[in-house]
Amino acid sequence: MAKSKREKLSVALFKGAENDIKNNITIDPELDGLIPPLSEDELEQLEVSLKQEGCREPLIVWQSGDSFILIDGHNRYRLCQKNNIKFDIRLKNFNNKGEVKDWMIGNQMARRNLTPLQMSYLRGIRYENEKYTWGGNRERKEANGQDVHLHSPTAAKLSEEYGVNEKTIRRDGQFALALEKLTGNDQDLRWNILNGNIKAGKKTITSLVDSEPKYLKQIQKKLRDTDSLEKTITLLQNESMEEEEAPDSDKIKALKKSLASLTNKALKMSKGDPKRKEIIKELRQNFKEFLKILES
């Protein structure tokens with residue numbers, strides 16, 4: 001079909017501005033974080049391919065206001081920039097960032113060999129992104145505080161699309177929220193968990209969704225030095241218990257020292273010595289306090 005005058009004009013305008021767009025491409029960290037990073041071997045293979053064959057597929061760019069944001073081809077873009085390899089671009093229109101995220105997630109789910117944990121995260125991000133667009137989640141709380149989902153159009157839609165049940169989609173949403181809270185802006189940490197470089201069970205991550213930010217920061221800091229979320233949580237729990245026990249432990253040591261010293265003094269005194277009675281009285285008080293600490 002022949003292009004209309006308007007379409008031809010649009011193409012002409014794009015061609016005229018193409019170099020300017022290429023020179024002003026920006027990378028949005030939030031959108032970049034939706035893309036599973038390549039391994040070193042995969043990056044090396046991609047770089048060799050680009051050097052030998054050039055960049056065969058255009059990079060996809062979204063124009064948002066005056067910004068031209070890269071939404072597909074992040075690895076190719078970085079390698080092309082590094083090696084001065086020419087590349088083409090294609091503009092794609094979206095109404096908002098939410099639509100962009102949905103499109104990018106769909107792209108990743110269709111293209112890449114993703115692990116179950118990675119798929120769960122991407123489904124969860126999409127669910128959280130879309131659930132109010134489709135009329136929200138109609139739910140109520142029972143007396144025990146548990147959510148009872150009466151109707152969730154988004155969960156129903158995504159469960160059909162991805163071939164999983166609605167509960168799985170809702171759990172994916174909780175998992176994605178918890179993981180983002182845990183990792184914050186640290187995309188490397190997030191993808192190290194999702195890639196399995198840091199061992200972390202989905203249930204363990206989800207259980208942290210309502211944790212205090214201070215506690216999550218402590219976990220995040222220690223996770224960089226360990227290879228397991230469960231190990232990190234255990235370490236923090238042990239440290240917390242030691243801190244709580246430290247004052248009592250110090251007091252017990254002081255009381256034991258006092259009891260030993262007073263006992264030695266009393267044994268060296270005669271029974272009729274008035275000072276001996278005072279020492280025995282102090283011994284009784286110290287021993288009562290010692291027993292209270294042991295029983296608590």
Side-chain angles (χ1 to χ4, degrees), residues 28-38 71-72 74 94 96-139 141 145-213 215-217 219-220 223 228-230 232-233:
D28 182 302
E30 184 184 359
L31 298 178
D32 189 27
L34 295 174
I35 301 168
L38 297 178
I71 61 172
D72 184 53
H74 292 71
F94 297 96
N96 52 57
K97 201 177 197 179
E99 287 186 7
V100 175
K101 288 169 80 171
D102 284 352
W103 180 85
M104 288 180 68
I105 289 168
N107 230 17
Q108 295 305 315
M109 297 283 277
R111 250 189 215 172
R112 303 283 292 273
N113 293 321
L114 302 175
T115 67
L117 205 63
Q118 291 170 349
M119 286 192 287
S120 175
Y121 170 68
L122 292 174
R123 285 195 307 255
I125 290 294
R126 189 171 169 197
Y127 171 67
E128 290 300 319
N129 187 46
E130 287 187 23
K131 68 180 181 181
Y132 297 110
T133 308
W134 287 74
N137 285 334
R138 298 177 182 88
E139 59 185 33
K141 296 246 184 205
Q146 294 293 311
D147 287 339
V148 179
H149 296 269
L150 302 180
H151 183 51
S152 177
T154 308
K157 169 180 169 282
L158 296 182
S159 70
E160 187 176 343
E161 184 174 334
Y162 293 120
V164 295
N165 62 45
E166 291 184 40
K167 278 186 180 178
T168 298
I169 296 293
R170 288 195 292 268
R171 285 178 189 142
D172 290 339
Q174 285 292 292
F175 166 64
L177 287 176
L179 184 62
E180 295 211 324
K181 281 186 179 181
L182 173 61
T183 56
N185 294 323
D186 193 336
Q187 291 180 24
D188 288 339
L189 179 60
R190 187 180 310 153
W191 283 102
N192 272 326
I193 290 171
L194 290 169
N195 289 339
N197 297 329
I198 294 174
K199 294 177 180 66
K202 186 176 173 181
K203 284 184 180 178
T204 305
I205 294 169
T206 305
S207 71
L208 298 171
V209 71
D210 294 320
S211 296
E212 292 294 323
Y215 179 56
L216 293 176
K217 285 283 183 188
I219 295 176
Q220 191 182 114
L223 261 181
S228 165
L229 176 60
E230 284 75 12
T232 298
I233 290 172

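Heavy atoms only: backbone and side chains are in, while hydrogens, waters and symmetry mates are out.
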Got V100 and W103 here, is their nearest side-chain heavy-atom distance under 4.5 Å?
->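 No. Closest side-chain heavy atoms not under 4.5 Å.
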Close side-chain approach of I193 and L223, heavy atoms under 4.5 Å | yes
Run the numbers on L34 and K101 for side-chain contact (heavy atoms from CB on, under 4.5 Å), then give the verdict.
-> CA-CA 8 Å; L34 295 174; K101 288 169 80 171; 3.9 Å; yes
With sequence neighbours left out, write down each residue that passes side-chain contact (heavy atoms from CB on, under 4.5 Å) with E160, or none if nothing qualifies.
->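 side-chain contact (heavy atoms from CB on, under 4.5 Å) check on E160 returns nothing, list empty.
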Can you name the side-chain contact (heavy atoms from CB on, under 4.5 Å) partners of S159, sequence neighbours left out?
->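 Once residues adjacent in sequence are excluded, the partners of S159 under the side-chain contact (heavy atoms from CB on, under 4.5 Å) criterion are E166, I169.
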Okay, side chain of [X], backbone of [Y]: is any donor-acceptor separation there less than 3.5 Å?
| X | Y | answer |
| --- | --- | --- |
| T206 | K203 | no |
| Q108 | P36 | no |
| R190 | G184 | yes |
| E230 | G201 | yes |
| N129 | G98 | yes |

K97: partners by salt bridge (charged side-chain N to carboxylate O under 4.0 Å, His left out), with sequence neighbours left out | D28, E30
Salt bridge (charged side-chain N to carboxylate O under 4.0 Å, His left out) involving D188 - partner list, sequence neighbours excluded =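 Salt bridge (charged side-chain N to carboxylate O under 4.0 Å, His left out) list for D188, sorted by chain: empty.
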Under the side-chain hydrogen bond (donor to acceptor under 3.5 Å, both in side chains) rule, collect the residues that match up with Q220, sequence neighbours excluded.
-> R224
Any chance the side chains of D186 and T183 put a donor and an acceptor closer than 3.5 Å?
-> no
Under 3.5 Å donor-acceptor pairs involving side-chain atoms of residues 116-126, not counting sequence neighbours:
{"residue": "Q118", "atom": "OE1", "partner": "T115", "partner atom": "N", "Å": "3.1"}
{"residue": "Q118", "atom": "NE2", "partner": "N195", "partner atom": "OD1", "Å": "2.6"}
{"residue": "S120", "atom": "OG", "partner": "D172", "partner atom": "OD1", "Å": "2.6"}
{"residue": "S120", "atom": "OG", "partner": "K202", "partner atom": "NZ", "Å": "2.9"}
{"residue": "Y121", "atom": "OH", "partner": "E180", "partner atom": "OE2", "Å": "2.7"}
{"residue": "R123", "atom": "NE", "partner": "D172", "partner atom": "OD2", "Å": "2.6"}
{"residue": "R123", "atom": "NH2", "partner": "D172", "partner atom": "OD2", "Å": "3.1"}
{"residue": "R126", "atom": "NE", "partner": "E130", "partner atom": "OE2", "Å": "2.6"}
{"residue": "R126", "atom": "NH1", "partner": "E161", "partner atom": "OE1", "Å": "3.3"}
{"residue": "R126", "atom": "NH1", "partner": "E161", "partner atom": "OE2", "Å": "2.7"}
{"residue": "R126", "atom": "NH1", "partner": "Y162", "partner atom": "OH", "Å": "2.8"}
{"residue": "R126", "atom": "NH2", "partner": "E130", "partner atom": "OE2", "Å": "3.4"}
{"residue": "R126", "atom": "NH2", "partner": "E161", "partner atom": "OE1", "Å": "3.3"}

Over 12 non-hydrogen atoms of neighbours within 6.0 angstrom of CG in N96 = yes
Heavy-atom pair with the smallest gap, counting every atom of Q187 and P29 =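 Looking at all heavy atoms of both residues, the closest pair is NE2-O, 2.6 Å.
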